[in-house]
Amino acid sequence: YRAPSSAALGDFLVQRAIQQQLFYNAQLGNEPMVHWLKSFRSHEHLDSSQRSEGRCGFPGTYSAAFDQLNTLPFTAYLEAMGTEPDSSIEVN
């Protein structure tokens, strides 16, 4: 057995953190945040395979496969999120 590199583990941990936030926000009915988070750097594929608007999806429906944070290394992803310009969402 050969363990994954620390960069691969970091990518996986950030991937799962994003998925956990998607789940929590969907469970709370915070659809604007769900949409923003999964749209940030095109990570729609990290959302639940069975989720629909207003429903969070069963936790097991968020893929736990490695290498899904496929746009950037986790350090660049976190830096991009931390330096993203402020935005606001108006809900009527």
Side-chain angles (χ1 to χ4, degrees):
Y1 172 74
R2 188 164 183 218
S5 69
S6 59
L9 286 175
D11 286 354
F12 183 68
L13 289 174
V14 170
Q15 168 193 320
R16 296 302 283 169
I18 293 166
Q19 290 172 313
Q20 191 65 54
Q21 289 303 308
L22 288 170
F23 176 80
Y24 286 152
N25 281 287
Q27 193 173 40
L28 292 169
N30 189 351
E31 289 297 326
M33 185 59 172
V34 170
H35 178 71
W36 184 90
L37 186 57
K38 69 183 182 179
S39 297
F40 183 74
R41 299 294 192 248
S42 301
H43 282 104
E44 289 86 356
H45 63 282
L46 295 181
D47 203 1
S48 168
S49 60
Q50 296 180 355
R51 198 181 89 71
S52 58
E53 189 153 332
R55 303 184 61 120
C56 57
F58 185 72
T61 61
Y62 294 80
S63 176
F66 268 84
D67 201 27
Q68 291 192 52
L69 195 66
N70 54 10
T71 56
L72 300 167
F74 77 96
T75 52
Y77 180 88
L78 293 174
E79 182 178 342
M81 185 173 274
T83 57
E84 182 75 8
D86 290 344
S87 62
S88 62
I89 300 171
E90 186 174 326
V91 180
N92 293 324

Hey, could you give me each pair passing side-chain hydrogen bond (donor to acceptor under 3.5 Å, both in side chains) that has a residue in residues 27-37? Not counting sequence neighbours. Asn25-Asn30, Glu31-Arg51
Surrounding CZ of Phe66 (heavy atoms of other residues, nucleotides or ligands, distance under 6.0 Å), is the total greater than 12? yes
Looking at Ala26 and Val34, what are the two nearest heavy atoms and their distance? N-CG2, 3.5 Å
Does the separation of the ring centres of Phe12 and Phe74 fall below 6.0 angstrom? no
Just by distance, do the side chain of Gln50 and the backbone of Gly60 share a donor-acceptor pair under 3.5 Å? no
Under 4.5 Å side-chain linkage, directly or through intermediates, the cluster mates of Tyr1: none
Linking I/L/V/M/F/W/Y whenever any side-chain heavy atoms sit under 4.5 Å apart, do [X] and [Y] land together?
X	Y	value
Tyr24	Ile18	yes
Phe40	Leu13	no
Leu28	Tyr62	no

What distance separates [X] [atom1] from [Y] [atom2], expressed to the nearest 0.5 Å?
X	Y	atom1	atom2	result
Arg41	Met81	CZ	CE	9.0 Å
Gln15	Ser63	CD	OG	6.5 Å
Arg16	Asp11	CZ	CG	14.0 Å

Per the side chain to side chain contact (heavy atoms under 4.5 Å, CB included) rule, which among Leu9, Thr75, Leu69 passes with Val14? Leu69
Check side-chain hydrogen bond (donor to acceptor under 3.5 Å, both in side chains) between Ser49 and all other residues, then give those that pass, not counting sequence neighbours. none
Run the side chain to side chain contact (heavy atoms under 4.5 Å, CB included) check on Leu46 and Lys38 step by step: do they pass? CA-CA 7 Å; Leu46 295 181; Lys38 69 183 182 179; over 6 Å; no
